[in-house]
Amino acid sequence: MPELPEVDSVKTSLNELISGKTIESVTVRYAPMIEGTPAAFQNALRGKTIESFSRRGKYLLWHLGNKTLVSHLRMEGKYYLKDAGAPMDAHEHVAFVFEDGKALHYHDVRKFGTFALRDHAEVYTTPPLDKLGPEPLSDAFTPETLRTWLKGERAIKTVLLDQRTVAGIGNIYADEILFCAGIHPKTKARRIQDADKLARCIKDILQKAVHDGGASIRSYKNTLGVSGRFQLHLSVHTKEGEPCCFCRSAIVKTKVGGRGTYYCPRCQKH
DNA sequence: CCCACTGTTTTAGG
DNA sequence: GCCTAAAACAGTGG
């Protein structure tokens, strides 16, 4: 459940349920997910108290005083609140056990997720967060900052998926944003005229999705049993063959930058 | 069974 | 610099 609105929902749930807990121990069953050695990871986390969780782009940050744990859920990462001592399910690869008898299990069928521990002082100036573009829902993101990327021959969808342009847009929201803006996903970046409108659609779509708690498509429930509702408001993504809500044309599925891409052939022009 | 596809990111090669 | 394909991995659907 990786894009900005979904990670934001995870962050909110974890702040309500996990903040303030102290880590007693960490179990690592699949080491490649962890940057560095599991032993160093476990030793550094033991005894740390979780101040809060935050989000940067699609990354979830655990604030642990002088250390920050940077977690990326990639395609299918999820967190589940369990009791300490609960067995780890087949697809749970890391378990954080707390002193109060609870535990947080990281579940990831495809094992693509990553964990990296950083000194808090360096978390934003070292990989993976150092090259991220502005937060789309903050004042740091403006039509002017967007305009600096509206150059060259790249497809506009590719530009939106580039995390340096703006942080947090993934495949679902790129499609929805371009529908909102009336822009064909294959339009060359340098041909985009109305940066104001595109920037506004980025903010509008993401804001509404955050408000809805993200989208749950092809996955049952979000982390900690919280379900998103934004999938009910999708206009084009996963809607191949269905009539456009605006003009009734059949939604088309194509491929842009190797990613499945949905658009309305009538409402979205080059 | 085989192939394509899946909410990501990074890397290699042309 | 840009594009594609592939890689990490597992499950699903045609």
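Lettering follows sequence order; numbering is per chain, from 1.
Ranking B:dT10, B:dT6, C:dC3 by closeness to the A:Thr158 side chain, first place goes to C:dC3.
Put simply, the residue from A:Glu176, A:Glu3, A:Lys157 that forms a side chain to side chain donor-acceptor pair (under 3.5 Å) with A:Asn171 is A:Lys157.
Atoms CZ (A:Arg56) and C1' (B:dT8) sit 17 Å apart, rounded to a whole Å. Protein atom CZ of A:Arg259 is 14 Å distant from nucleotide atom P of C:dA5, rounded to whole Å. Whole-Å rounding puts the A:Leu161 CG to B:dT6 P distance at 13 Å. Protein atom CZ of A:Arg190 is 18 Å distant from nucleotide atom P of C:dG1, rounded to whole Å. Distance, A:Glu240 CD to B:dA4 P: 16 Å, rounded to whole Å. Put simply, CG on A:Asp8 is 15 Å from C1' on B:dG7, counting in whole angstrom units. Between the OH atom of A:Tyr262 and the C1' atom of B:dC5 there is a distance of 9 Å, rounded to whole Å. Across the protein-nucleic acid pair, A:Met33 atom CE and B:dT8 atom P stand 16 Å apart, rounded to whole Å.
Ion pairing between a basic and an acidic side chain is recognised when a charged N comes within 4.0 Å of a carboxylate O; A:Asp130 and A:Arg118 show no such pairing. In summary, A:Asp175 and A:Lys253 do not engage in a salt bridge, as defined by a charged side-chain N under 4.0 Å from a carboxylate O. Between A:Glu153 and A:Arg190, at least one side-chain nitrogen of the basic residue sits less than 4.0 Å from a carboxylate oxygen of the acidic one, meeting the salt-bridge criterion. Checked for salt-bridge contact, A:Asp119 and A:Lys67 meet the test: a charged N lies under 4.0 Å from a carboxylate O.
Looking at heavy-atom distances under 4.0 Å, A:Gly170 makes contact with sugar-phosphate atoms alone, never a base. Using a 4.0 Å heavy-atom cutoff across all strands shown, A:Gly260 reaches sugar-phosphate atoms only and no base atom.
Annotation: the span from A:Asp196 atom CG to A:Cys201 atom SG amounts to 11.0 Å, rounded to 0.5 Å.
The phosphate of C:dT4 has neither OP1 nor OP2 within less than 4.0 Å of any side-chain N or O from A:Lys255. At the phosphate of B:dG7, OP1 or OP2 sits under 4.0 Å from a side-chain N or O atom of A:His237. Side-chain nitrogen and oxygen atoms of A:Lys253 include at least one within less than 4.0 Å of the OP1 or OP2 phosphate oxygen of B:dT6.
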- Note on the structure: Going 5' to 3' through nucleotides 8-14 of chain C and flagging B where a protein heavy-atom sits under 4.0 Å of the base, S where only the sugar-phosphate is that close, and - otherwise, we get BBBS---

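A:His72 and A:Tyr59 have their aromatic ring centers within a separation under 6.0 angstrom. Aromatic ring centres of A:His105 and A:Tyr80 lie farther apart than the 6.0 Å criterion allows. Checked against the 6.0 Å centroid criterion, the rings of A:Tyr263 and A:His184 qualify as a close aromatic pair.
Going from the P atom of B:dC1 to that of C:dA8 covers 22 Å, rounded to whole Å. When the P atom is compared between C:dG13 and B:dG7, the two are found 15 Å apart, to the nearest whole Å. Taking atom P on both nucleotides, B:dT8 is separated from C:dG1 by 24 Å, rounded to a whole Å.
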- Message: Only Watson-Crick and G-U wobble pairs with both distances less than 3.5 Å should count. Give DNA chain B in dot-bracket notation, marking inter-strand partners with |.
- Response: .|||||.|||||||

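For A:Gln163, the side-chain contact (heavy atoms from CB on, under 4.5 Å) criterion is met by A:Lys58, A:Leu132, not counting sequence neighbours.
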